[in-house]
Structure formats: structure tokens, C-alpha cells
Amino acid sequence: QVQLVESGGGLAQAGGSLRLSCAASESIFKINEMAWFRQAPGKQRELVASITSGRITYADFVKGRFTISRDSAKNTVILQMNSLKPEDTAVYYCAADRRWDDSFRSWGQGTQVTVSS
């Protein structure tokens, strides 16, 4: 099972930017899909963005603001977040290896993102 560690969370003002990183314990090319999820207190966990060797997917609420990318040399997946909104406040989780039923096999512990108005 791949181990994942998120970093880069913190405090930002509305309209600002943050860059999240997810470091994997093995080559990301051995992982069929990696993704970022987020969960706010009292809310359901929701998909933010995902990436495979041939496809990138974004949730509607982040299109045009967030960008997901891979750095194979460092075994990391990046989520660049621009034009942040207070409603982006949540714990952000990295996930890896989508199963046949669309669940993910591996999860990081999360990194807090707080956006003030």
C-alpha cells in the first residue's frame, strides 16, 4: 500500500493562493490514479481534482482556479490553488489507486486550508 504525506496547507486571504503537495512512497507511475479530496467540518468529503497518465478531472467549483499536476522525479502530486474563496476552507486529502468501485486504496492524513474573508 502506498503511503501519502500532504503538505503546504495554511492560512490565506480570499483571492490568494496556496500550493499543496502530496509525496508518495513509490513511483506515481505505479499508481493508476491520484486525486485531491477535501472535507469541511460537518460536510461530506468531496472530490476536488484527479489525475491519471492521460486524463485530468476537476470539480466544477474549482475549474479555472485550481490546477493539478505531477512531478514524477519527486514522486509528488501538486494542487495549485488560486483565487481562493472562504468556502474552500477544509482539510485537503491526497488519495491514490482508484478501485473498480471508484473508492481509493490509499489516503494521506490531510492538511488544513483556511481562507479568510
Side-chain angles (χ1 to χ4, degrees):
Q1 185 177 35
V2 62
Q3 295 179 338
L4 305 171
V5 180
E6 304 98 334
S7 63
L11 178 65
Q13 293 184 328
S17 298
L18 286 173
R19 182 177 182 269
L20 305 185
S21 296
C22 173
S25 62
E26 64 184 58
S27 173
I28 59 176
F29 292 108
K30 297 180 180 180
I31 303 169
N32 62 19
E33 184 172 356
M34 299 190 70
W36 286 96
F37 288 78
R38 71 186 188 187
Q39 186 168 25
K43 302 292 185 179
Q44 297 285 86
R45 180 176 291 169
E46 58 187 356
L47 177 67
V48 176
S50 65
I51 186 168
T52 69
S53 61
R55 179 183 298 166
I56 292 175
T57 300
Y58 295 103
D60 287 342
F61 54 81
V62 303
K63 286 182 178 178
R65 300 191 298 123
F66 293 7
T67 303
I68 189 170
S69 62
R70 302 186 297 184
D71 184 341
S72 59
K74 298 180 179 179
N75 288 343
T76 60
V77 174
I78 307 300
L79 184 68
Q80 178 66 46
M81 305 187 295
N82 298 325
S83 301
L84 285 164
K85 303 175 181 180
E87 51 263 45
D88 294 320
T89 296
V91 176
Y92 283 70
Y93 298 91
C94 183
D97 280 332
R98 186 187 290 271
R99 299 188 180 105
W100 65 269
D101 64 354
D102 291 331
S103 65
F104 281 81
R105 190 175 306 277
S106 302
W107 292 85
Q109 293 301 303
T111 184
Q112 176 70 46
V113 170
T114 302
V115 183
S116 64
S117 59

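Hydrogens, waters and symmetry mates are skipped; everything else that's a heavy atom, side chains included, is used.
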Is a side-chain donor or acceptor of [X] paired with a backbone partner of [Y] at a separation under 3.5 angstrom?
X: Gln112; Y: Gly9; result: no
X: Glu6; Y: Gly110; result: yes
X: Ser106; Y: Val2; result: yes

What about Leu20 and Val62, same hydrophobic cluster or not, with Ile/Leu/Val/Met/Phe/Trp/Tyr joined at side-chain heavy-atom distances under 4.5 Å?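 Same cluster.
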Do the side chains of Val77 and Phe104 join up, straight or via other hydrophobic residues, at under 4.5 Å, putting them in one cluster?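 Different hydrophobic clusters.
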Closest heavy-atom contact between [X] and [Y]?
X: Leu79; Y: Val48; value: CD2-CG1, 4.2 Å
X: Met34; Y: Ala24; value: CE-CB, 4.5 Å
X: Leu47; Y: Ala35; value: CD1-CB, 3.9 Å
X: Ser17; Y: Ala12; value: O-CB, 4.4 Å
X: Met81; Y: Tyr92; value: SD-CE2, 3.9 Å
X: Glu33; Y: Arg98; value: OE1-NE, 2.7 Å

Rounded to the nearest 0.5 Å, what's the gap from [atom1] on [X] to [atom2] on [Y]? Could you check?
X: Arg65; Y: Leu84; atom1: CZ; atom2: CG; answer: 6.5 Å
X: Gln1; Y: Arg105; atom1: CD; atom2: CZ; answer: 8.0 Å
X: Ser25; Y: Gln3; atom1: OG; atom2: CD; answer: 5.0 Å
X: Trp36; Y: Ser50; atom1: CH2; atom2: OG; answer: 13.0 Å
X: Ile28; Y: Leu4; atom1: CD1; atom2: CG; answer: 11.5 Å
X: Thr114; Y: Leu11; atom1: OG1; atom2: CG; answer: 6.0 Å

Working for side-chain contact (heavy atoms from CB on, under 4.5 Å), residues Asn32 and Asp97: CA-CA 6 Å; Asn32 62 19; Asp97 280 332; 3.8 Å; yes
Would you check if Thr111 and Ser7 make a side-chain contact, meaning some heavy-atom pair closer than 4.5 Å? no
From the list Thr89, Val113, Asp88, side chain to side chain contact (heavy atoms under 4.5 Å, CB included) with Arg38 holds only for Asp88
Can you confirm whether more than 12 heavy atoms, excluding those of Glu26, are under 6.0 Å from its CD atom?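 Yes, because the 6.0 Å sphere around CD of Glu26 holds more than 12 heavy atoms from other groups.
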Within a reach of under 6.0 Å around CZ of Arg55, are more than 12 heavy atoms found that belong to other residues, nucleotides or ligands?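 No, not enclosed.
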Can you sort out the partners of Arg19 under side chain to side chain contact (heavy atoms under 4.5 Å, CB included), two or more places apart, ordered by chain and number?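 For Arg19 the side chain to side chain contact (heavy atoms under 4.5 Å, CB included) partners, ignoring immediate neighbours, are Ser21, Ile78, Gln80.
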Please enumerate all residues that pass side chain to side chain contact (heavy atoms under 4.5 Å, CB included) together with Ser53, with sequence neighbours excluded.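 Result, side chain to side chain contact (heavy atoms under 4.5 Å, CB included) vs Ser53: Arg70.
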Residue pairs passing the ring-ring contact (aromatic ring centres under 6.0 Å, His included) test with at least one member in residues 49-70, sequence neighbours excluded, are none
Assign the ring pair Trp107 / Tyr93 to parallel, tilted or perpendicular, where the plane angle (0 to 90°) is split at 30° and 60°. perpendicular
